[in-house]
There are 2 protein chains.
Amino acid sequence: MLPELKIQPLRCVLAITDQGGFHAAAKHLYRSQPAISMAVRDLEERLGQSLFEKGNGKALLTPFGQWCLPRFRELVAHHDRVSHDTQAMASHQAGRVDIAAVPSVASRLMPGILTSFVSEYPGIEISLQDGHSELVAQMVIKGEVELGITSLWQPQEALESTPLLHDEIGVVCRDDHPLAGRDHLHWRELSGYTLIRNGTSRLLVGSPAAELVRHSSLFISNMISLTAMLEAGIGITTLPRLAFQEEHARLCFVPLAEPLLVRQIGLLCRAGVSLSPAAAAMRQHVMDHLREQEEC
Amino acid sequence: MLPELKIQPLRCVLAITDQGGFHAAAKHLYRSQPAISMAVRDLEERLGQSLFEKGNGKALLTPFGQWCLPRFRELVAHHDRVSHDTQAMASHQAGRVDIAAVPSVASRLMPGILTSFVSEYPGIEISLQDGHSELVAQMVIKGEVELGITSLWQPQEALESTPLLHDEIGVVCRDDHPLAGRDHLHWRELSGYTLIRNGTSRLLVGSPAAELVRHSSLFISNMISLTAMLEAGIGITTLPRLAFQEEHARLCFVPLAEPLLVRQIGLLCRAGVSLSPAAAAMRQHVMDHLREQEEC
DNA sequence: GCAGCATGGTAAGTCTTCCTGATCATTTTA
DNA sequence: TAAAATGATCAGGAAGACTTACCATGCTGC
């Protein structure tokens, strides 16, 4: 019942009126003039009414054509808008990525990654939030964010994970601590010192060093409080190297050599659901960026 | 650069999500299932991104697809709206006609014409205004109205006229006037009576009866005033039969037989410009209506 | 007045697009 | 495990759209 109006013939009508003739329209649309004539004739047959006056050699709109013109113009404009937006979205010139990352990654890695990303894809909106590793995984699963960067704990059904880098665990203490200055440590050397647990301490679980955390009675989750404690010389703690804030002059990081503990940092996304173009671009960018950095 | 999005493939995408699958969409659109697959694939290639998840046997939108869906839906809805409105306008189910007519036609003929017209084309808006014959012609020329119904004076370049009916000129007088009751008159019989001129008196110009109006010293343009004068017995006048209001019981109309004077009532429209669908329908309706009435 | 140049319309041939019918690979259901 | 249903793929044919070439008409300038 409803005739299917194609966009091109409508564009022809607009071009004819705007350019003032069939020939001019043809040149403007990079078509031959008969193509324009035929498109118009076909459209007129579809509508059952003439759009242009016949007979006189000029291209004049009929009243019906005048009535149609603004509607056609609107529809074509709408089409072009959708086409343009869709194209931009598909080609990573627009869009939005929501990312979650563990605090260490968010503060140490993301700034560099995002700097180059925004310069490469200026149109993409980015939202970055941090949370501890389980929270990150949960947000990805629930779809609150498209990408998560966190420690890879155990493989989960609903998640697809890509390893990004290894982050070694070490001991953090004040620079006047007896252990400071060593270039590596055995876990047994820590016994006897006050160990402050933190959110990353569970990385020791399952290793010989788990013994240490069992005997620790201090737990500080907030990183700022933790560093304050360490700077005050209250005790020592274990941290992945990434989580260690180098800008604290009085603190130093000593890798744990025995057991050699690393946390695997990886990129999470929902399994089975493909990413939005913007997120896919971000994922690729993160991987490229880290691989590049590794090579340096 | 901008890909030309055709409406049908977009409709396919909507149908797939709404009907919950390619097969269901195919049935819904009266197409074969491969047609749907191919339309989607083509669209995806055009956009450079997938709209549906691949691999798992189900039709699930990708995030990009989800982003596109509402935009596609809007565009298709817009298309259908334009298509529907255009169709309605073209098939006389909607639209607008502006008409001008001389007062006699507006009050005596138009009511009957418009009654049947509005019942046949309920969607068409109508505007009717009256004015003397030259004004009607001017309004048509200026494009203020599309159609005019008036006395055909002299053919004009810018106007295309179609004769509709003949309207004979006669004498109007009070029922106790010596001339009342006659079934026709010779112009000479009027001499000696007080003749009141009116807007239609110039129809006598160029005929032997022109002599009469030259000696008349009363001119009344307003029809209500004129009839009041006639009812008061102040004098007689000449009028086309259509302009004679039969509902005035004390007035009677006597045709002028010598000279036999008629005014030609005709339909005017601008030359060289075709009518809007609604106006074309009205024009046809007016002609049909009067031809039908003539036959009765 | 007539040649030359513009307008748009028409016809035949070619190329592309779109659709169908049959068939396949995979997953879900009984 | 057989059967049914999903979507993907391929070959062939119908329909559309575009191009080249030509025609009819109206205006313009000498």
Side-chain angles (χ1 to χ4, degrees), chain A residues 2-47 49-62 65 76 79 83 157 271-274, chain B residues 2-47 49-62 64-65 69 76 79 83 157 271-274:
Chain A
L2 276 187
E4 191 82 10
L5 305 178
K6 286 175 216 125
I7 300 297
Q8 267 188 340
L10 303 188
R11 218 185 279 282
C12 286
V13 174
L14 301 186
I16 293 168
T17 63
D18 292 346
Q19 310 294 320
F22 284 57
H23 281 86
K27 204 168 61 182
H28 185 247
L29 296 173
Y30 305 106
R31 297 266 140 66
S32 65
Q33 171 267 318
I36 310 293
S37 287
M38 292 163 86
V40 169
R41 185 157 51 84
D42 181 70
L43 182 58
E44 288 178 335
E45 273 169 20
R46 240 171 246 250
L47 298 176
Q49 289 281 332
S50 287
L51 293 164
F52 292 93
E53 304 284 357
K54 309 293 174 194
N56 48 2
K58 284 279 171 293
L60 282 172
L61 282 170
T62 60
V76 170
H79 164 275
S83 174
E157 180 69 22
V273 180
S274 50
Chain B
L2 276 188
E4 191 81 11
L5 304 178
K6 285 173 215 124
I7 299 297
Q8 266 188 342
L10 303 189
R11 219 185 278 283
C12 285
V13 174
L14 301 186
I16 293 168
T17 63
D18 292 346
Q19 310 293 321
F22 284 58
H23 286 268
K27 204 168 63 181
H28 185 246
L29 297 173
Y30 305 106
R31 298 262 139 68
S32 66
Q33 171 265 319
I36 308 294
S37 286
M38 293 166 91
V40 169
R41 185 157 51 86
D42 180 70
L43 182 58
E44 288 178 336
E45 273 170 18
R46 236 171 249 249
L47 298 177
Q49 288 283 331
S50 288
L51 293 165
F52 292 93
E53 303 285 357
K54 309 293 174 194
N56 48 4
K58 284 277 170 295
L60 282 172
L61 283 169
T62 60
F64 178 63
L69 195 66
V76 170
H79 164 274
S83 173
E157 180 70 20
V273 179
S274 51

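In the text below, chain A, chain B and the rest are named by the order of the sequence lines, each starting its count at 1.
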Colleague: Would you say B:His23 reaches D:dA5's phosphate, i.e. side-chain N/O to OP1/OP2 under 4.0 Å?
Modeller: no

Colleague: Closest heavy-atom contact between B:Leu14 and B:Thr17?
Modeller: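 Looking at all heavy atoms of both residues, the shortest contact is O-OG1, 2.9 Å.
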
Colleague: Nearest 0.5 Å, what's the CD-CG distance between B:Gln19 and B:Leu29?
Modeller: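 Reported value, rounded in 0.5 Å steps: 7.5 Å.
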
Colleague: Could you go step by step and tell me if B:Arg46 and B:Lys6 meet the side chain to side chain contact (heavy atoms under 4.5 Å, CB included) rule?
Modeller: CA-CA 11 Å; B:Arg46 236 171 249 249; B:Lys6 285 173 215 124; 3.3 Å; yes

Colleague: For nucleotides 10-23 of chain C, give me one character per nucleotide, 5' to 3': B if any protein heavy atom sits under 4.0 Å from the base, S if the only such contacts are to the sugar-phosphate, - if neither.
Modeller: B-------SBBBB-

Colleague: Specify the closest pair of heavy atoms between B:Ser274 and A:Glu53, including all atoms of both residues, with the distance to one decimal.
Modeller: N-OE2, 2.8 Å

Colleague: Round to a whole Å and report the spacing from CZ of A:Phe52 to P of C:dG8.
Modeller: 10 Å

Colleague: Check the distance between D:dT19's P and A:Leu29's CG and give it to me in whole angstrom.
Modeller: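 It works out to 11 Å between those atoms.
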
Colleague: Output the rounded distance in Å from CG (A:Leu5) to P (D:dG16).
Modeller: 15 Å

Colleague: Rounded to whole angstrom units, what separation is found between the CD1 atom of B:Ile16 and the C1' atom of D:dT6?
Modeller: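 These atoms are roughly 13 Å apart.
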
Colleague: Quickly work out the B:Lys27 NZ to D:dT6 C1' distance and round it to whole Å.
Modeller: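 In whole Å, D:dT6 C1' lies 14 Å from B:Lys27 NZ.
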
Colleague: CD of A:Glu4 versus P of D:dA15: gap in Å, rounded?
Modeller: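 From A:Glu4 CD to D:dA15 P: 18 Å.
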
Colleague: When you compare the side chain of B:Leu5 with that of B:Leu43, does any pair of heavy atoms fall below 4.5 Å?
Modeller: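 Yes, their side chains come closer than 4.5 Å.
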
Colleague: How close or far is atom P of C:dG9 from atom CD of A:Glu45, stated in whole angstroms?
Modeller: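 For the pair A:Glu45 CD and C:dG9 P, the rounded distance is 12 Å.
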
Colleague: Rounding to an integer number of Å, can you tell me how far B:Lys54 NZ sits from C:dA25 C1'?
Modeller: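 Interatomic distance, NZ of B:Lys54 to C1' of C:dA25: 15 Å.
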
Colleague: Does either side chain, that of A:Ser83 or that of B:Glu4, offer a donor lying less than 3.5 Å from an acceptor on the other one?
Modeller: no

